[in-house]
S.K.: 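This is the structure, below, for whatever I ask next.
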Amino acid sequence: MSKAADKILAGLNEALAYARGDSDVRRRSRVTHVKVVDVDVKAVRGKLGLSQQTFARAFGVSAKTVQNWEQGRRKPEGPARVLLRVIERHPEAVLEALAPGRRKRA
């Protein structure tokens, strides 16, 4: 195996030992807590002045998903949360990136 593969395997074994409660591993491990910031999808959409349907179509998600997020039945996770945070801050950049066939000339 390569050095990288050995390191990955060692890390996975350490993670398993940590999850099992191995006190030696827990003592020497560093735990990082990440604060997850919720995104108010309705506020983001409202700021853009878009209907649920238009917002969904513009950003490549289903209207049902937008509805579920806004009504609290589901929360955006992982890449969806990241996308929504970027839309919140720079909607024009996301729209430009998603626009088919439109490229800026240098």
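For reference, positions follow the sequence shown, starting with 1.
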S.K.: Apply side chain to side chain contact (heavy atoms under 4.5 Å, CB included) to Lys42 and list each qualifying residue two or more places apart in sequence or on a separate chain.
M.R.: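 Partners of Lys42 by the side chain to side chain contact (heavy atoms under 4.5 Å, CB included) criterion, ordered by chain and then number, come out as Asp40, Arg45, Glu70.
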S.K.: Atom CZ of Phe55 and atom CD of Gln67: how far apart are they, to the nearest 0.5 Å?
M.R.: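 Those atoms lie 14.0 Å apart.
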S.K.: Any chance you could measure Asp24, atom CG, to Arg26, atom CZ, to the nearest 0.5 Å?
M.R.: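 Spacing of CG (Asp24) from CZ (Arg26) equals 12.0 Å.
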S.K.: Counting C-beta onward and ignoring hydrogens, is there a side-chain heavy-atom pair between Val39 and Ile87 closer than 4.5 Å?
M.R.: no
S.K.: Quick one: CG on Leu9 to OG on Ser2, what's the gap to the nearest 0.5 Å?
M.R.: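 Leu9 CG to Ser2 OG: 10.5 Å, rounded to 0.5 Å.
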S.K.: The criterion is side chain to side chain donor-acceptor pair (under 3.5 Å); which residues satisfy it with Glu77, sequence neighbours excluded?
M.R.: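 With sequence neighbours excluded, Glu77 shows a side chain to side chain donor-acceptor pair (under 3.5 Å) to no residue whatsoever.
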S.K.: Any donor-acceptor pair under 3.5 Å linking the side chain of Lys75 with the backbone of Asp38?
M.R.: no
S.K.: Is atom CZ of Arg74 surrounded by more than 12 heavy atoms (other residues, nucleotides or ligands) closer than 6.0 Å?
M.R.: no
S.K.: Starting at CZ of Arg57, measure out to OG of Ser62 and round the result to the nearest 0.5 Å.
M.R.: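 With rounding to 0.5 Å, CZ (Arg57) is 12.5 Å from OG (Ser62).
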S.K.: Below 4.5 Å, heavy atoms only, C-beta onward: do Val94 and His90 meet side chain to side chain?
M.R.: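 The answer is no, as the side chains (C-beta and beyond) never meet within the 4.5 Å cut-off.
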S.K.: Are Leu16 and Tyr18 linked, directly or through intermediate hydrophobic residues, by side-chain heavy-atom contacts shorter than 4.5 Å (ILVMFWY only)?
M.R.: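 As far as the 4.5 Å side-chain criterion goes, Leu16 and Tyr18 are not connected within one cluster.
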S.K.: Quick one: list whatever passes side chain to side chain donor-acceptor pair (under 3.5 Å) with Asp6, sequence neighbours left out.
M.R.: none
S.K.: Over all heavy atoms of both residues, which pair between Arg81 and Val37 is shortest? Give the atoms and the distance, please.
M.R.: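 In terms of heavy atoms, the two residues are closest at CD-O, 3.4 Å.
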S.K.: Is there a side-chain contact between Val66 and Phe59 (heavy atoms, below 4.5 Å)?
M.R.: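 Heavy-atom side-chain distance check fails, nothing below 4.5 Å.
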S.K.: Can Leu98 be reached from Leu50 by stepping across I, L, V, M, F, W or Y side chains whose heavy atoms are under 4.5 Å apart?
M.R.: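 Yes, Leu50 connects to Leu98 through the hydrophobic network.
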